[in-house]
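Structure record follows, encoded as structure tokens.
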There are 2 protein chains.
Amino acid sequence: MSSALNRQNQLSEPTIARLPVYQRIAQEMLRRGTTKTDSKRLGELAGVTPATVRRDLSGLGPLGTRGSGYDVQTLEVQIDEALGHNRHYDVVIVGLGNLGRALVGSTNFLIRGAQIIGLYDIDPSLVGTTLNNIPVLDPREGIMNATIGVICTPAEAAQAAADALVGANIHAILNFSPRVLDVPVGTAVRYVDFSIELQILAYHLTNGTGPLGGGLLRTLGLTTPPVVARPS
Amino acid sequence: MSSALNRQNQLSEPTIARLPVYQRIAQEMLRRGTTKTDSKRLGELAGVTPATVRRDLSGLGPLGTRGSGYDVQTLEVQIDEALGHNRHYDVVIVGLGNLGRALVGSTNFLIRGAQIIGLYDIDPSLVGTTLNNIPVLDPREGIMNATIGVICTPAEAAQAAADALVGANIHAILNFSPRVLDVPVGTAVRYVDFSIELQILAYHLTNGTGPLGGGLLRTLGLTTPPVVARPS
DNA sequence: GGATGTGAAGTAGTTCACAGCC
DNA sequence: GGCTGTGAACTACTTCACATCC
């Protein structure tokens, strides 16, 4: 496997969540023609301290140059490698409402190495058609095996969708529905819940942290609800 | 202000991010007619330890009953109060592609107390129309004041959208575009980046944590990219 | 008996501060 | 001179374990 990875895969969770952010920044810099940067600048843009940036990046191996900083191109590539984008990921999406369709059509959603191979919806007027040349199938007739399953159904249908994904031997689920899912141990579920994001912002507005209460808003390490074992 | 809040607003960031999850679980329980629960069950469903649940909830005041657990209804209400949902939030959305429209149409997106008051898009065929009885306006003619601004534009337009929101004196931004935003100190930006979520899942698949490498996947405390100060 | 709420202990993550290198 | 990479100090969060109360 790649050299950056076998160094040690003890990247901490917060670090893992920040690496894609640094990568985004690096991509933006490349787009603008910036070829060099440093931990101070990266920290400003990512909203973390320079020390944290250096600590995070040092986990990928020594990719900076003392005295001058980081090469943006190298940064981009090394983070890609550390996150495992040399692998290939097959993605299926269940639920083709506005959100599901937005994901299919979005160029932003897919990471390098990921490909949407199947779409699922129970709406008979959709089943049998294609979207972006990807076939739309009925999830009740079984789901094809894939690496990652994405749930975009309404809340009521989310658990059934999860069951279908689990039945297809899919062990990683990205859940956009506002339901807590019941899945077997060993299945990773990551929740993206829009209203929770709103709630967190709202909390900061109401309480001291935010601009209404004054002070530099610097809420580092916000945690998102994660992953799960089977409830007893 | 509310009794639960002035106890002390020293809820930690991880706690704040978990409270909405407990609330979701409580709502689901109510829907199913469950009126009592305990930290063990809540922990299973939320993917955290019972001790963490108790520690989190104790921050809202003593709302459990020793020996029997928590009243689900009380839980739901108290979390609502702690998160500041007795306040009113005006929300504007900039960018009405599939994602923007999904948010407008979704019953899941809005939290109690929040209301979408304005929609913005530069597409001339949309400006002047209404969506869900909310008028669609041109952001280049200025944005109305609101509590929270939501950016759903393509990446290229995100910074302009942010500038317009800042110009409207909006200090809290939920950014769904994959761009790092440049905003003044004192403006809270929360990033929801779909591809970052995919990347984090992908990392766990590639590395030991996930089912491919075996072991109980229990990635607690995943942090999402947060908030930002003005780059120098 | 049983589950909360919480000091105390343990663990993880961040920041400091500086040696090392360009 | 300047910025990285990192041991050491610090801070924050989690978990343990139990006294407390229903």
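In what follows, chains are A, B, ... by sequence order, proteins preceding strands, each numbered from 1.
- Whole-Å rounding puts the A:Gln78 CD to D:dG5 P distance at 11 Å.
- At the phosphate of C:dT4, OP1 or OP2 sits under 4.0 Å from a side-chain N or O atom of B:Ser39.
- Atom CG of B:Asp56 is separated from atom C1' of C:dT6 by 14 Å (rounded to the nearest Å).
- In this structure, B:Ser68 and A:Ala51 both approach DNA chain C, and ranking their closest nucleotides by distance from the 5' end singles out B:Ser68.
- When heavy atoms are screened at a 4.0 angstrom cut-off, A:Leu63 is found touching the sugar-phosphate backbone but no base atom.
- We find that CG of B:Leu60 is positioned 14 Å from P of C:dT4, with the value rounded to whole Å.
- One finds a side-chain N or O of A:Arg18 lying less than 4.0 angstrom from the OP1 or OP2 phosphate oxygen of C:dT14.
- Side chains of B:Asp38 and B:Tyr70: no donor on one and acceptor on the other come within 3.5 Å.
- In this structure a side-chain-to-backbone donor-acceptor pair under 3.5 Å is missing from A:Tyr191 to A:Ser177.
- Between A:Phe176 and B:Phe194, the distance separating the two ring centers is shorter than 6.0 angstrom.
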**Q.** Candidate pair A:Ile116 and A:Val150, rule side-chain contact (heavy atoms from CB on, under 4.5 Å), full reasoning
**A.** CA-CA 10 Å; A:Ile116 301 175; A:Val150 181; over 6 Å; no
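- Each of A:Gly67 and B:Gly67 has a nearest nucleotide on DNA chain D; the 5'-most of these lies closest to A:Gly67.
- Closest to the side chain of A:Arg54, from the set C:dT14, D:dT6, D:dC18, is D:dT6.
- Proximity note for A:Arg66 (side chain, C-beta onward) versus D:dA19, D:dG5, C:dT6: the nearest is D:dG5.
- Put simply, B:Thr52 has no side-chain N or O that comes within less than 4.0 Å of OP1 or OP2 on D:dT14.
- Following rounding to the nearest Å, A:Lys36 (NZ) and D:dG2 (P) show an atom-to-atom distance of 17 Å.
- Counting only N and O atoms by type, the side chains of B:Asp56 and B:Thr15 include a donor and acceptor under 3.5 Å apart.
- Spacing between atom CZ of B:Arg55 and atom P of C:dA8 amounts to 11 Å, rounded to whole angstrom units.
- Under 4.0 angstrom from either OP1 or OP2 of C:dT15 there lies at least one side-chain N or O belonging to A:Thr49.
- Proximity note for A:Asp38 (side chain, C-beta onward) versus D:dT4, D:dA17, D:dA8: the nearest is D:dT4.
- Atom OH of B:Tyr22 is separated from atom C1' of C:dT4 by 14 Å (rounded to the nearest Å).
- One interatomic measurement links the two molecules: CG of A:Leu42 to P of D:dG5, which rounds to 12 Å at whole-angstrom precision.
- Within the structure, every side-chain polar atom (N or O) of A:Tyr70 is placed at least 4.0 Å from both OP1 and OP2 of D:dG2.
- Taking atom CG on B:Asp71 and atom P on C:dT4, their separation rounds to 13 Å, with Å as the unit.
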